[in-house]
Every structure is written in structure tokens, then in C-alpha cells.
Colleague: 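One structure, as C-alpha cells, below. Some questions next.
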Protein chains: 2
Amino acid sequence: SVLVEGAKKFYYMGGETVRAVDGIDLRIEKGEYVSIMGPSGSGKTTLFNIVGGLTKPTEGTVYIDRTDISKLDASELAWLRCRKIGYVFQTFNLVPIMSALQNVMLPLIFGGVDRTEREDRAHEMLKLVGLGERVHHKPTELSGGQQQRVAIARAFVNNPAIVLADEPTGNLDLKTGLHIIDMMIEMNKSRGVTMLCNTHDQKIIKASDRIVWVSDGRVEKIERPAEA
Amino acid sequence: SVLVEGAKKFYYMGGETVRAVDGIDLRIEKGEYVSIMGPSGSGKTTLFNIVGGLTKPTEGTVYIDRTDISKLDASELAWLRCRKIGYVFQTFNLVPIMSALQNVMLPLIFGGVDRTEREDRAHEMLKLVGLGERVHHKPTELSGGQQQRVAIARAFVNNPAIVLADEPTGNLDLKTGLHIIDMMIEMNKSRGVTMLCNTHDQKIIKASDRIVWVSDGRVEKIERPAEA
Ligand SMILES: Nc1ncnc2c1ncn2[C@@H]1O[C@H](COP(=O)(O)OP(=O)(O)OP(=O)(O)O)[C@@H](O)[C@H]1O
Ligand SMILES: Nc1ncnc2c1ncn2[C@@H]1O[C@H](COP(=O)(O)OP(=O)(O)OP(=O)(O)O)[C@@H](O)[C@H]1O
Ligand SMILES: [Mg+2]
Ligand SMILES: [Mg+2]
């Protein structure tokens with residue numbers, strides 16, 4: 001489960017203070033599928049980075065399964081980021097010199113999985129996202145939506161407890177997007193992966209247990225899809 | 001106007017040939033607003049790169065205003081890419097060490113515009129895309145959708161004859177996306193900018209004069225929005 005208490009993130013630029021996140025409280029239960037929606041610039045990626053332990057909040061606390069993540073030492077934080085949480089970044093962040101297969105195998109190295117099994121599991125994930133025929137292509141040899149799908153495969157390959165996905169369907173056509181959303185729902189329902197998705201995509205909203213609306217760094221309202 | 005005749009782009013990888021674009025003929029009239037739709041990996045970005053003179057086709061010819069662009073020398077090609085055509089890349093391609101304002105001012109340097117006017121025009125474009133308050137932020141200090149809008153502002157600032165936009169609303173929420181689409185329609189109708197948009201966004205489709213559907217590197221069909 002994820003608990004965010006009083007999170008704030010301020011950037012000081014010249015004379016101005018940018019309040020990217022300006023007081024957010026949020027609780028996500030184990031196995032829940034939560035979408036975060038809001039205008040461009042409203043703080044979704046900043047919240048993602050705070051929850052994922054990638055950015056220290058200016059104020060506030062994040063608990064992952066009741067552990068205050070600011071209290072973790074370097075190796076515990078590394079374990080959290082490599083085993084417990086999977087990330088799909090808005091800008092993909094793939095390793096440019098590695099193939100799709102090698103990129104997806106990467107988290108498994110930290111899982112202490114042997115090479116044959118790493119290859120098998122990476123192949124399997126890439127097939128699941130429709131890229132079985134592109135496994136040896138490097139990121140520059142892939143389309144935008146293909147790179148996005150490699151990033152998604154990489155996030156799930158290690159069977160993390162939580163996946164944080166930042167606009168995971170932004171570069172996908174309707175059909176491919178639906179396929180990916182079905183895969184993420186399947187991961188959520190059958191493997192119990194807790195899902196936190198930043199999205200503008202109505203199709204993801206419909207699949208969610210709850211929708212959190214943010215605006216100007218704060219939570220505006222929270223609702224169930226039936227009400228949305 | 002843009003004329004594409006028999007365009008093909010093949011990549012040779014180990015024993016395999018990837019047919020990214022596999023025989024495309026396309027004619028776009030001056031001032032037209034054309035959308036290109038198709039599944040992830042179907043060849044839209046590759047076609048964009050061929051039309052924009054960024055990639056040489058394996059076969060086929062591109063004519064911009066009746067000029068075969070493969071016949072242009074280096075300085076003529078530079079003029080084409082800096083003055084005649086504006087680009088919104090799927091991966092934005094902003095200069096990381098420059099602010100939003102400096103990024104948008106860049107094409108104007110090639111236009112021989114003096115500094116005061118460059119700043120004024122860049123400010124004006126950034127206001128038009130809703131970023132008047134973020135002009136001094138660098139790309140890493142901007143949200144994904146804000147970076148996308150800087151890329152859009154940069155594409156239009158030089159008053160090019162043609163704008164090629166690759167998924168320009170992929171990272172934008174509904175409201176911001178509509179605002180940007182209205183701005184592009186305005187540029188098309190009032191300034192006569194010829195628009196070629198790769199997109200998955202139904203809102204852009206509705207605004208287009210024609211929709212070109214691509215699949216596996218070929219044109220599947222072309223229709224008017226009323227029929228779509
Ligand atoms: N440099 C390259 N080497 C090998 N294959 C490539 C290269 N660039 C692109 N491809 C392949 O060519 C095909 C078309 O790619 P392209 O980027 O044009 O697709 P797209 O329609 O823009 O997709 P998307 O909607 O995901 O952005 C894809 O299958 C891709 O894997
Ligand atoms: N390093 C930084 N320095 C200064 N301001 C920043 C920095 N990073 C983000 N911001 C600002 O904080 C605000 C929130 O950014 P964030 O990336 O969280 O938005 P977002 O909701 O993810 O937007 P989008 O939907 O466009 O991706 C934005 O207004 C942005 O300009
Ligand atoms: Mg974001
Ligand atoms: Mg593309």
C-alpha cells in the first residue's frame with residue numbers, strides 16, 4: 001500500500017517559487033488501480049517522482065507498506081526501486097545502447113535471476129506488449145509507441161508489488177492502447193500489482209477503481225469511474 | 001504543396017529487412033490540413049522524416065512546391081528545414097541547456113531577425129500555447145506537456161509554409177489539447193500554413209480536411225472527416 005502525507009515540492013527559481021506539488025494526501029490500497037488526471041503542469045509527474053522515491057519532497061512523508069521511505073539507507077532504497085516498484089516514465093528513459101530485450105532484462109539482473117531465465121521472461125513480456133518481432137532493435141530503431149511499450153514491459157518484468165506509470169498510452173493508437181490497458185488490468189487482477197497511472201486517456205480512467213483529479217499541485221477531488 | 005511519389009524506406013538488420021515505408025504516394029495541397037493515422041509502428045514517423053527532408057528514402061521522390069528535394073545542395077536544404085518547414089518531433093528534441101524562450105527563438109536566428117524582435121515573437125508564441133509563465137524554464141524544469149508545447153511554439157514561430165507535427169497532443173490533457181488544436185487550425189486558416197499531423201487524437205481528425213490511414217508502411221485509405 002502507498003500512503004502520502006502532506007507532500008509538497010517547491011522549486012526556487014530566481015525570485016519565484018514554483019509550487020509543483022502543494023499539499024497532497026493520498027492513500028492507495030494494496031491491489032488498487034488508481035488513475036491520476038489533471039491539466040498539463042498540474043503536478044502529476046512530480047507526485048509520481050515523490051511516491052517512487054525518485055525525488056525528495058520539500059515537505060511531507062511517503063510510506064510504502066508502512067515504511068517511511070526517507071528512512072531507508074542506500075541499499076534499501078535501491079531494492080525498493082528495483083524490486084518493489086516498476087516505473088514507466090513519461091520520457092521512457094530506455095538505455096540507448098541496449099536492445100529492447102536487454103532493456104527489459106535489466107531489472108531482472110537485480111533480481112538475481114540467471115541469464116536463460118532473464119531472456120525467457122524478457123521475451124515473454126515483449127510478446128505481451130506486441131513486440132515479439134522487435135526484440136533486437138535499439139530504441140532509435142523503434143517507433144515512439146514501440147519505445148513506450150518496451151518501457152511498459154520493463155516495468156512489469158520483475159513482478160513488482162507496485163507499478164507507477166506516467167502517461168503509458170500517450171503514444172499509442174486506439175487498438176494498441178486498448179491491448180496495453182487490458183494487459184495492465186490483467187496484471188492488476190491476476191498478479192495483484194498495485195497500479196498508479198498518470199493519464200489523460202479516458203480508456204484507462206474507465207478501468208480504474210478510483211480517479212484522483214489534481215490541479216495546481218493539489219487534489220481537487222477523488223471519484224469512482226461510475227461517477228466520472 | 002507536397003508531393004510524395006513511390007516512397008520506400010527499408011532498414012537492413014542482420015538477415016531481416018524492415019519495410020518501414022513500403023510504397024507511398026501522397027499529394028498535399030497548399031493550405032490543406034491533413035492527418036495521418038495508423039497503428040504504432042506503421043510508418044508515420046518515417047514518412048514524416050522523408051517528407052521533411054530529414055531522411056533519404058530508399059526509393060521514391062519528394063517534391064516541395066515542385067522542387068525535388070534530393071536535388072537541393074546543403075545550403076538550400078538548410079533553408080528548407082529552417083524557413084519553409086516547421087517540425088514538431090514525437091520526442092520534442094528541445095535543446096536541454098537553453099530555456100523555453102531561447103529554444104523558440106532559435107529558428108528566428110536563421111531568419112535574420114534582430115534580437116528584440118526574436119524575443120517578442122518567441123514570447124508571443126509561448127503565450128499562444130499557454131506558457132507565458134514558463135519562458136525561462138529549461139526543458140528539465142518543464143512538465144512533459146509543457147515541453148511538447150515549447151516544441152509546437154518553436155515549429156510555428158518562423159511562419160513556415162508547412163508544419164509537420166508528429167503526435168503534437170500526445171502528452172496533453174483534453175482542455176490543453178483542444179486549445180492547441182484551435183491554435184493550429186487558426187494558423188492553418190488565417191496564415192495558410194499547410195499542416196501534416198501524425199496523430200492518434202480524434203480531436204485533430206475532426207479538424208482535418210483529409211485523413212490518411214497507413215498500415216505496414218502503405219496507405220490503406222484516404223477519407224474526409226465526415227466519412228470517418
Ligand atoms: N532505424 C531503424 N532501424 C530499423 N527499424 C526501424 C528503424 N526506425 C524505425 N524502424 C521500424 O520501422 C517501423 C515504422 O516506424 P515509425 O517510427 O515510422 O512508426 P510510427 O507509425 O511512427 O509508430 P508510432 O505510432 O509508434 O510512433 C517500425 O516497425 C519500427 O520498428
Ligand atoms: N525542475 C523544475 N524546476 C522548476 N519547475 C519545475 C521543475 N519540474 C517541474 N516544474 C514545474 O512544476 C509543475 C508541475 O510539473 P509536472 O511535471 O509534475 O506536471 P504534470 O502534471 O506531469 O504535467 P504533464 O501532464 O504536462 O506531464 C509544472 O508547472 C512545471 O513547470
Ligand atoms: Mg507529466
Ligand atoms: Mg511515430
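All chains are named by letter (A, B, ...) in the order of the sequence lines, taking the proteins before the strands, and each is independently numbered beginning at 1. Since we're looking at a predicted model, the values are computed, not measured.
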Colleague: Considering only heavy atoms and a distance below 4.5 Å, find which of A:Ser143, A:Gly14, A:Gly177 pairs most often with chain B.
Modeller: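 Highest number of pairs under 4.5 Å: A:Ser143.
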Colleague: Does some side-chain heavy atom of B:Thr176 sit less than 4.5 Å from a side-chain heavy atom of A:His200?
Modeller: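 Side chain of A:His200 against side chain of B:Thr176, heavy atoms only: no contact under 4.5 Å found.
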Colleague: Got more than 12 heavy atoms from elsewhere within 6.0 Å of NZ, B:Lys189?
Modeller: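 Enclosed: over 12 neighbouring heavy atoms sit under 6.0 Å from NZ of B:Lys189.
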Colleague: Quick check on A:Glu133: does its CD atom have over 12 non-hydrogen neighbours (other residues, nucleotides or ligands) under 6.0 Å away?
Modeller: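 Incorrect, the count does not exceed 12.
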Colleague: Is a donor on one side and an acceptor on the other found under 3.5 Å between the side chain of A:Asp173 and the backbone of B:Ser40?
Modeller: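 Indeed, once roles are kept as given, a pair shorter than 3.5 Å links the two residues.
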Colleague: What distance do B:Gln90 atom CD and A:Gln147 atom CD have between them, rounded to the nearest 0.5 Å?
Modeller: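 The CD atom of B:Gln90 sits 8.0 Å away from the CD atom of A:Gln147.
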Colleague: Heavy-atom distances under 4.5 Å only: say whether B:Glu16 touches chain A with side chain, backbone, both or neither.
Modeller: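 Contact with chain A involves the side chain of B:Glu16 alone.
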Colleague: So for atom NZ, which belongs to A:Lys56, do other residues, nucleotides or ligands contribute more than 12 heavy atoms lying within a distance under 6.0 Å?
Modeller: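 It does not: A:Lys56 NZ has 12 such atoms or fewer within range.
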Colleague: Between A:Met37, A:Arg149, A:Lys175, which has the largest tally of heavy atom pairs under 4.5 Å with chain B?
Modeller: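 Winner by heavy-atom pair count: A:Arg149.
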Colleague: From A:His137 NE2 over to B:Met13 CE, what is the distance, rounded to the nearest 0.5 angstrom?
Modeller: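 One gets 4.0 Å once the value is rounded to the nearest 0.5 Å.
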Colleague: With a cut-off of 6.0 Å (strictly less than), are more than 12 heavy atoms of other residues, nucleotides or ligands near CZ of A:Arg210?
Modeller: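 Above 12, so yes.
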Colleague: Does any donor atom in the side chain of B:Glu167 or A:Asn171 lie under 3.5 Å from an acceptor atom in the other side chain?
Modeller: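 Result is no, nothing qualifies.
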Colleague: Tell me, yes or no, whether the heavy-atom count around B:Asp216 atom CG, taken from other residues, nucleotides or ligands under 6.0 Å, exceeds 12.
Modeller: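 Counting other residues, nucleotides and ligands, CG of B:Asp216 stays at 12 neighbours or fewer.
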